[in-house]
Every structure is written in C-alpha cells, then in structure tokens.
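Below, read A as the first sequence line, B as the second, and so on, with proteins coming before strands; counting in each chain starts at 1.
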Amino acid sequence: MSTHADLGMELGARVAAALRTGLDVRVDPVDTLIRPSTRDGVDYQCNIAMSLAKKLGRPPREVATALVEALDAADMVAETEIAGPGFVNFVLRDDWLAERVAELLGDPRAGVPVTDAPRRFALDYSSPNVAKTMHVGNMRSTVIGDALHRLLAFAGHEVLPHNHLGDWGTPFGMLIEHMLDSGLDGSITDLNAFYQQARAKFDADEAFATRSRDRVVKLQAGDEQTRQLWQRLVDESARHFQAVYDLLGIRLTQANIYGESFYNPYLGEVVDELTELGLTEVSDGAVCVFPPGFTGREGQRLPLIVRKSDGGYGYAATDLATARYWTRERDVTDLLYVVGSPQAQHFQMVFAVCTQAGYLTDKHRAEHIAFGSVLGADGKMMRTRAGESVALIGLLEEAVARAAKVIEERSELAEADRAAVARAVGIGAVKYADLAGDRLKDYVFTWEKMLAKDGNTSVYLQYAIARIRSVLRKAGETVQPGTAVRLGEPAERALAVKLLQLPAAIDAAVAEYAPHKLCGYLFETASAFTGFYENCPILASSTPDDVRGSRLALAALTADVLVLGLSLLGIDAPERL
RNA sequence: GCCCUCGUAGCUCAGCGGAUAGAGCAGGAGCCUUCUAAGCUCUUGGCCGCAGGUUCGAGUCCUGCCGAGGGCGCCA
C-alpha cells in the first residue's frame, strides 16, 4: 500500500474510503476536514461528521460512528474516539509513526512530494528603480519573492523569475539631462545624490523640466545618444543591485532582468490591440481603458491610462504588455506580482483589462502578492532621522555587525569562521523577520526582536541546528537509512509527529504564497526538538545502543528538516554557532 | 465621498468554519560537575474593536458602525 508521507493526507484518504463504504458518500480526501488536534493525547481530528449530518439527515454522532466502523486504518490508527457533537479523534500508532519517520532517512526531500500538477509561473519580484540605491521599501518584495521562488521550484513548479526594473519612464528624462549638464565623464558614485540633484532641478527649473520631458520622448523613440546615456545609468545601477542580492543571498541575476524598457517595443501594439477591440477611449488627450466596476473620487469611472496625452506610455501600458508577453511568448500559466499592497487597485484594474483584452484567459491565474510596510519602532513607515528611506545595504551591514558582536560575546568559534557565521546569522535574522509574519500586515522592524535567541526567529532555528550537528559530530557516526526508529518517550513521539508534518507546512506555504506558514512550522519543530533534547539523552552511556541509534536518527532528521526549511526561505544554517 | 487592507494578552505576533483562542517577549518562581544555558521548566496575564446576521458551531464568513494605515487620470 502506498502511503502519503503527509499524515493529514493519509488520514484523509482513509476517511474518504470509509465514508464511501460505510455511508455511500463520496468526499474528496482533501475535503475530509482532517486537522491536527490541540487536545491532549490526540494527534488528529476529523470534523466532517457534523457537516455531513444535515446532508444525510442523520445525527452527527451517528454519522461519526458509521465512519469509525467503516474505517480501515488499524495499521495506522491506535485509537479512535467520538467526542462532543461528533468529532472523531485519532491517536496514531507509535510503530506506524516510527516507520514513517524511518522512511525519511536519506530522503533529500524529507518526504515532501513533487506536485502532480506542475504549473509555469512568471514571478515578478524585487523590481528596484534604476538610479536609486535599494532601500527598505525594496526589501520585502525581494525577500518574499525569493522565498516564493524557492518554494514554488521545490514544490515542482517551473518558475520564471523576472526583475521588473524601473528603468524607463519620466524620471529618465531628468536623469539624462542632468548627466549631460554635469559632464559625461566619470562614473556616478552616489546614485541617490545624483537622483536628488536631478529631482531638485526638475522641480525648480521649468526649462530643465521641459528638456527632461522632451528627453523622455527621445528615449522612447530610440534616439541613439539618449539610449547610450540611459544604458550607462542602467549598468551602474545593476551593479549595485547585484551587490545587494549577493549579500542577501537572492537568486536573481542579470539574466532575470526584464525591466520596463524590455516591454517598450510592445507598447504601441498593445494600444493598437486594445483599440481594435473597442476598449479604448480618448479622454483629455490620453488613451484610456475604463474597466467596468472601478470608480474614483466623485463616482466617475476610473481609467487605466495606456498612452498619455504627450504620447508617452505610463506603467499601466507596461504592465499590460508584461502580462501579454509572459502569457503569449513564454506560455506561463501563472503571473505573480510581489508588490506592496498600495498597488492593489492598480493590479485589479490591470487584470480586468488583461481579461478584456484576452491576455489573461480562464487558463491563467494572475495574482498580486501584496505585502505591508516595514515600520520603525514608532509604528510609522521606517525612515531615517532626516525623513529619507533607509538604505538597504547599510541596514544589512548593521545586521551582520550586530550578529558579529553577539558571536564575539558568546561563541567559541574560531576567529576565521566568525565572519561567515555573522553573515548567516545577521542576514538570516533580517530575512526571517520579514518572512515570519503574515505578509499582508505591516511589521515593526526591531533589532532586539529579530536577533533574539528565543521565540520565532532564525537565530533560534540556527541554534537548534548547530546543537544537533554538534551531537552528530560527537557521535562520530553517520545515521544510515534503514536505522530503526523507536518512539518510547513522549518527547520523541511529539518530535516524530512534527517531522512528518513538513509536507503539510510546505503545501500550505506554497498554496497560499505564505512563507510565514513554513516559519511557524519550523519554530514548532525546533521547539519540539528542544523538548526532546532536554528529556532524551542521546550520547549518554546509560542510553542503550538501539535507543541511541533511534535518537541520533531523530536528531539528524530534525536537522535535515530545519535546514531544508530554512533553505526554502533563503536562509543559511551554519555548522556551528 | 468611494474603494482596499488591518484591529487577538502590557508589547510583538500565530490562529485552516470546529471543542477550554495559542506562541515569544516583558513580569513572577526555578534549572548549568551531564550531548552548545544563543537553552529549558513552572506561572501571572484575553468583553478576539463594537453591534447585528448566516451556521449545528464564528476570532475566522456576510452587513453596518468605530479606530489605524493606504489608494482614488496622465509618477512608477
């Protein structure tokens, strides 16, 4: 019999079979309302009897009884109990759990299946602006997007990441004019200062502003000199972005850059297509689409402006062309946009127009993966004292420096290893703090919290891993596949159940694009491990050989699960702390 | 004015229509001749913003209020 590595799925399959044979009801195994139980001594519960009762016209406890009587799960379930209004509680067999855990030994996927319905994702993330240094505002898209990249790929989907650089549009007119004004030789050392100077001139000098607007038109028309100047800006910026990605451990490379400029050749076609379909109207000189159902301040229809009155294109046109490109040219099934939640309405409108235009069909799924803001300790948008956005590179360097200080105080690491560990701990802390909460909510950035050794932090997980590896080193033996696992102590059993829930955790994180579900699971698993570590001596001379082998296996598997989980979040786990 | 998101312990946050709403921090009491104390155990602490509704069952779904943040034609 083939069994699901995931406990809930396996129970669901058994319950579905019992409902079929015992009650002649067909329910999909995933809809059997199997949940891990919070009751003491109960592993899982099934809540389906209550919901079936009305449909069948029978009392829920009677339905539950029929379910239990028809259940063919003696190999797996030690005990069933009907409780309350019709809950069915399951206690799993220790030997069955032990066998399932033992099967994970040597499995690089730790029991996580590859999806049987692979899809092709276009994943838009990071997307910083050229000619600006990356700041905290770019961090969440980068970190969350990268975690989703890893999670989706691990689940067996094809992921086409693209970095939608802000490398086009109105600001480039003023940036290029400013380049010309300040002489063409020499490289730009400070991107932010350069941008701000250009901005200041644009706001103060009407003639400059006009030149800038004209320059945008030249750029979009493909003027050769303009194009070269523009390329210089892009190249300088891309080098800066790559430095941040390298420090952060982000998978994006130059090959993933599909900036706004990439879609420029398609913008005219998009407008033509929309016009041919009769979707456009000219309003105040601008070509607009008014998707149904969107209204603005005075109840008037809201436009998506696809071509501005000056003939230029805005980001709406680019976003339409982007969806068109990835669905038509790259044949993706899914479009994900990891972009802050203020853009929610914009994406709703873009998706609506894409559907009207046929760029998105019922074969496609497009989703705005929205996220909240990073707040300072004062609960407001994180800013420097001068009110500017905080440079990301400086923030990351501070994280590494703070981690290094803790290591200096506490660790017995060799001098040579400290820098690498400080980087893993510091960067991991920043990323984990960004991933550990529901992405839709704002979160408060506090060093103390993210570098805390207790609680749901990356440091806690890395510490648990380091302890396990220390034990494994001291054991002086490698755990072999086929090692017998025995679950005598409650702490051993609790850990085993947790280890077997990795597939469910990853499935939830992938299905809902919710990395924090994986974070929560990893924290629970590390907590279960510490309980085991405290109560179940592994290497003590009083521990019998077979128990020692079993405990080493549990410890090794815990490390595998935690390391795998962290890797899917883009976080490293040092050998020692 | 309309639209979107959020409101759970003093603080930071989990919570999948299911039973007595969970963690961590902070507060209180303990635990290092023993595998990393960057750890663990025990403990105090809740009108789940308010009011209705749907449901056998609502922190979770729906409606309306209140509060916070964000968005609402040529920036992206």
Side-chain angles (χ1 to χ4, degrees), chain A residues 33 35-39 45 47 50-51 53-54 59-60 83-87 89 127 129 164 166 168-171 260 283-288 294-300 302-310 312-316 318-319 340-346 348 370 372-373 375 379-381 406-407 409-412 425 436-438 440-444 446 448-449 451-457 459-460 462-464 466-475 504 508 512 516-517 519-520 523-524 527 530-531 533-543 551 555 576-577:
Chain A
L33 303 183
R35 303 280 184 267
S37 180
T38 52
R39 315 291 281 188
Q45 64 186 61
N47 304 332
M50 282 87 77
S51 68
K54 177 169 274 186
F87 298 105
N89 290 336
S127 308
N129 287 316
H164 197 92
W168 206 247
T170 318
E260 289 166 347
S283 173
D284 295 335
V287 180
C288 303
F294 294 92
T295 52
R297 209 184 301 273
E298 271 90 42
Q300 84 285 19
L302 267 185
L304 207 57
I305 296 172
V306 293
R307 189 164 65 207
K308 299 188 287 183
S309 52
D310 66 1
Y313 298 96
Y315 78 138
T318 311
D319 283 347
S341 52
Q343 302 285 337
Q345 188 177 51
H346 168 71
Q348 280 177 24
S373 308
L375 307 179
K380 295 184 180 154
M381 293 275 286
V406 177
I407 288 166
E409 288 163 4
R410 314 213 59 123
S411 174
E412 290 155 18
V425 170
D438 183 340
L440 217 46
K441 297 189 184 179
D442 297 346
Y443 83 93
V444 179
T446 41
E448 301 70 42
K449 187 157 274 306
L451 283 165
K453 313 103 175 169
D454 292 320
N456 190 8
T457 65
V459 183
Y460 182 80
Q462 288 168 329
Y463 179 61
R467 281 170 134 184
I468 295 169
R469 287 176 165 166
S470 172
V471 173
L472 295 176
R473 275 194 303 273
K474 285 205 166 81
E512 297 164 60
H516 82 284
K517 302 232 166 185
C519 295
F523 176 57
E524 287 168 13
S527 301
T530 18
Y533 183 86
E534 296 288 325
N535 293 297
C536 306
I538 301 168
L539 304 179
S541 53
S542 57
T543 303
R551 287 180 178 173
R576 306 162 202 258
L577 284 194

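Side-chain contact between A:V306 and A:Y313 is absent, with no heavy-atom pair separated by less than 4.5 Å. Residues A:L577 and A:R410 fail the side-chain proximity criterion, which asks for heavy atoms closer than 4.5 Å.
Contact annotation for A:G166: no contact, since no heavy-atom pair falls under 4.0 Å across all strands. Base contact: A:V459 has a heavy atom under 4.0 Å from a base atom. Within 4.0 Å (heavy atoms only), A:S309 reaches at least one base atom of the nucleic acid. Backbone-only engagement by A:D438 is indicated by non-hydrogen atom pairs under 4.0 Å involving sugar-phosphate atoms exclusively. When heavy atoms are screened at a 4.0 angstrom cut-off, A:S283 is found touching base atoms of the nucleic acid. Counting non-hydrogen atoms under 4.0 angstrom, A:P303 reaches a base of the nucleic acid. A:L577 comes within 4.0 angstrom of a base, heavy atoms only. Note on A:L539: a base of the nucleic acid sits closer than 4.0 angstrom, heavy atoms only. Among the atoms of the strands shown, none is found under 4.0 Å from any heavy atom of A:C519. Among the protein residues, A:Y443 comes within range of the sugar-phosphate backbone only, with heavy atoms under 4.0 Å from sugar or phosphate atoms but none that close to a base. Contacts of A:A286 with the nucleic acid, taken as non-hydrogen atoms under 4.0 Å apart, include base atoms. Using a 4.0 Å heavy-atom criterion, one finds that A:E409 contacts no nucleic acid atom at all. Among the heavy atoms of the strands, none lies under 4.0 Å from A:H346. A:T446 comes within contact range of no nucleotide atom at all, as no heavy-atom separation falls under 4.0 Å.
Applying the ring pair (Phe, Tyr, Trp, His ring centres under 6.0 Å) test to A:Y460 and every residue at least two apart in sequence or in another chain returns A:F523. When the salt bridge (charged side-chain N to carboxylate O under 4.0 Å, His left out) test is applied to A:R297, no partner is found at least two apart in sequence or on another chain. Looking at residues two or more places apart in sequence or on another chain, you find a ring pair (Phe, Tyr, Trp, His ring centres under 6.0 Å) between A:Y315 and A:H346. Contacts of A:E534 classified as salt bridge (charged side-chain N to carboxylate O under 4.0 Å, His left out), with partners at least two apart in sequence or in another chain: none. When the ring pair (Phe, Tyr, Trp, His ring centres under 6.0 Å) test is applied to A:H164, the partners found at least two apart in sequence or on another chain are A:Y263. Take A:R551 and apply the salt bridge (charged side-chain N to carboxylate O under 4.0 Å, His left out) test, not counting sequence neighbours, and it matches A:E492. In this view, A:Y533 and A:F529 satisfy the ring pair (Phe, Tyr, Trp, His ring centres under 6.0 Å) rule, not counting sequence neighbours. A:K517 meets the salt bridge (charged side-chain N to carboxylate O under 4.0 Å, His left out) test with A:E512; sequence neighbours excluded.
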All N/O contacts under 3.5 Å from nucleotides 42-46 of chain B to the protein, with atom names and distances to one decimal?
none

Report, one pair per line, the protein and nucleotides 24-27 of chain B atoms (nitrogen or oxygen only) whose separation is under 3.5 Å.
| residue | atom | partner | partner atom | Å |
| --- | --- | --- | --- | --- |
| B:C25 | OP1 | A:D454 | OD2 | 3.0 |

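In this structure, of B:C4, B:G73, B:G71, it is B:G71 that holds the atom nearest to the side chain of A:P342. The A:Y463 side chain lies nearest to B:A37 when the options are B:A37, B:U12, B:G7.
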Each nucleotide in nucleotides 16-22 of chain B should get exactly one letter: B, S or -. Can you fill that in based on protein heavy atoms under 4.0 Å?
B-BB---
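Of the residues near RNA chain B, A:A466 and A:K308, the one whose nearest nucleotide (by heavy atom distance) lies more toward the 5' end is A:A466. Each of A:G437 and A:S373 was matched to the nucleotide of RNA chain B holding its nearest heavy atom; the match closer to the 5' end belongs to A:G437.
In this model, the phosphate group of B:C40 is approached by a side-chain N or O of A:T530 to a distance below 4.0 Å at OP1 or OP2.
Secondary-structure annotation of RNA chain B gives the stems B:1-7 with B:66-72, B:10-13 with B:22-25, B:27-31 with B:39-43, B:49-53 with B:61-65, with a stem taken as at least 3 successive Watson-Crick or G-U pairs whose two distances both fall under 3.5 Å.
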